[in-house]
Amino acid sequence: MKKLFLAAATASLLAGAANAATVLYRNDFNLATDQMAAALSALGYTVTTTNGNLSSFTLSNYDIVVYANQNSGVPGGDITALNSYIAGNGRVLFQTWDGTAPSLGASFTGNNNQTSVTVGTLFGTGITNPLTLTNPGWGVFSMGLAATTGTAEGLFANGNAAIVVGNGGRTIINGFLTDTLAGSQLYQNQLAYLAGGVVSIPEPASWAMLISGFGLTGAAMRRRRAAVAA
């Protein structure tokens with residue numbers, strides 16, 4: 001029984017660490033359901049949201065920066081800020097319609113508005129391929145990519161990359177906007193992948209529970225040895 005308690009306490013701590021990522025989410029506008037926001041909510045991350053530029057934020061305070069530029073041009077200074085964050089081992093999930101992006105291991109092909117994506121195995125858990133992209137009213141809602149220093153982990157029907165992972169697995173660029181998918185599973189998979197390298201320190205109350213579990217297990221073992229000796 002005590003072993004079960006300890007196992008449960010440890011599992012609880014590990015689950016808490018998995019959900020402890022801090023995220024800065026920037027999204028300037030949506031025309032339909034924001035599936036990225038739905039994914040962040042489902043994962044239980046600590047999220048700070050903004051629809052403006054990044055000038056008032058210290059990006060290094062966050063485990064992941066999610067940047068969705070969907071309605072206007074990328075604000076001046078944001079690309080520089082993101083590149084600096086990436087160079088400092090920051091983790092970025094990015095999408096934009098206008099062809100302006102930080103160093104994510106990909107370039108834009110100019111082949112826009114593809115309507116389906118075949119997702120690779122890296123992000124394929126729970127996905128039925130191909131995923132359909134629906135335009136909620138944008139002029140440009142999906143953008144063809146070419147992997148340069150990154151790796152394509154999703155393809156449009158025309159063969160262009162739709163998802164590229166770069167910077168040693170610390171960045172992802174999607175060639176489609178956050179309100180074009182019917183569900184949030186792909187974004188959940190991508191966020192969980194980026195958060196996989198985040199190391200979290202349990203809260204004091206959690207440590208107390210784990211230490212208590214060790215104490216109870218140790219006491220039970222001592223009683224058992226005493227009984228055998230008697």
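Only a predicted model underlies this, so the values are computations on that prediction, with no experimental measurement involved. Atom set for the values below is all heavy atoms of this structure, side chains included, hydrogens, waters and symmetry mates excluded.
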Compare every heavy atom of [Y] with every heavy atom of [X], then report the nearest pair and how far apart it is.
X: V117; Y: A162; result: CG1-CB, 3.8 Å
X: A152; Y: A161; result: CB-CB, 3.9 Å
X: G169; Y: L194; result: O-CD2, 3.8 Å
X: M36; Y: V66; result: CG-CG1, 3.8 Å
X: Y45; Y: A195; result: OH-CB, 3.4 Å
X: A32; Y: D179; result: N-OD2, 3.3 Å

With sequence neighbours excluded, residues passing side-chain hydrogen bond (donor to acceptor under 3.5 Å, both in side chains) with Q70
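Checked Q70 against side-chain hydrogen bond (donor to acceptor under 3.5 Å, both in side chains); matches are N30, T178.
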Going by side-chain hydrogen bond (donor to acceptor under 3.5 Å, both in side chains), name the residues that satisfy it together with Y187, two or more places apart in sequence or in a different chain.
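Expected list: none.
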Among V165, V119, N174, V164, side chain to side chain contact (heavy atoms under 4.5 Å, CB included) partner for E153
V165
Side-chain contact test, heavy atoms from C-beta onward, threshold under 4.5 Å: evaluate it for [X] versus [Y] and give yes or no.
X: S142; Y: T180; result: no
X: D63; Y: T46; result: no
X: R170; Y: N89; result: yes
X: T49; Y: N27; result: no
X: W138; Y: N71; result: yes
X: L122; Y: Q190; result: no
X: L93; Y: L191; result: yes
X: L181; Y: L133; result: yes

Between N129 and T118, do the side chains contain a donor N or O and an acceptor N or O under 3.5 Å apart?
no
Geometric class of the Y67/F94 ring pair [parallel <30°, tilted 30-60°, perpendicular >60°]:
parallel
Starting from F141, can I reach M143 by hopping between I/L/V/M/F/W/Y residues whose side chains sit under 4.5 Å apart?
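Result: yes, single cluster for both.
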Shared ILVMFWY cluster between L155 and L104, side chains joined below 4.5 angstrom?
no
Looking at [X] and [Y], would you say the former's side chain and the latter's main chain have a donor-acceptor pair under 3.5 Å?
X: N158; Y: N112; result: no
X: W97; Y: S72; result: yes
X: N83; Y: S103; result: yes
X: R26; Y: G52; result: yes
X: T148; Y: A106; result: yes

Enter the distance from [X]:[atom1] to [Y]:[atom2] here, rounded to the nearest 0.5 Å.
X: F108; Y: D98; atom1: CZ; atom2: CG; answer: 7.5 Å
X: L54; Y: T58; atom1: CG; atom2: OG1; answer: 11.0 Å
X: F156; Y: N111; atom1: CZ; atom2: CG; answer: 10.0 Å
X: T125; Y: Q185; atom1: OG1; atom2: CD; answer: 7.5 Å
X: N69; Y: T100; atom1: CG; atom2: OG1; answer: 8.0 Å
X: F176; Y: L131; atom1: CZ; atom2: CG; answer: 7.5 Å

If you apply the rule side-chain contact (heavy atoms from CB on, under 4.5 Å), what do you find for V140 with N113, and how did you get there?
CA-CA 6 Å; V140 176; N113 294 344; 4.1 Å; yes
Exactly one of D34, N51, T48 should register a side chain to side chain donor-acceptor pair (under 3.5 Å) with Y25. Which one does?
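For Y25, the side chain to side chain donor-acceptor pair (under 3.5 Å) test succeeds with only one of D34, N51, T48, which is D34.
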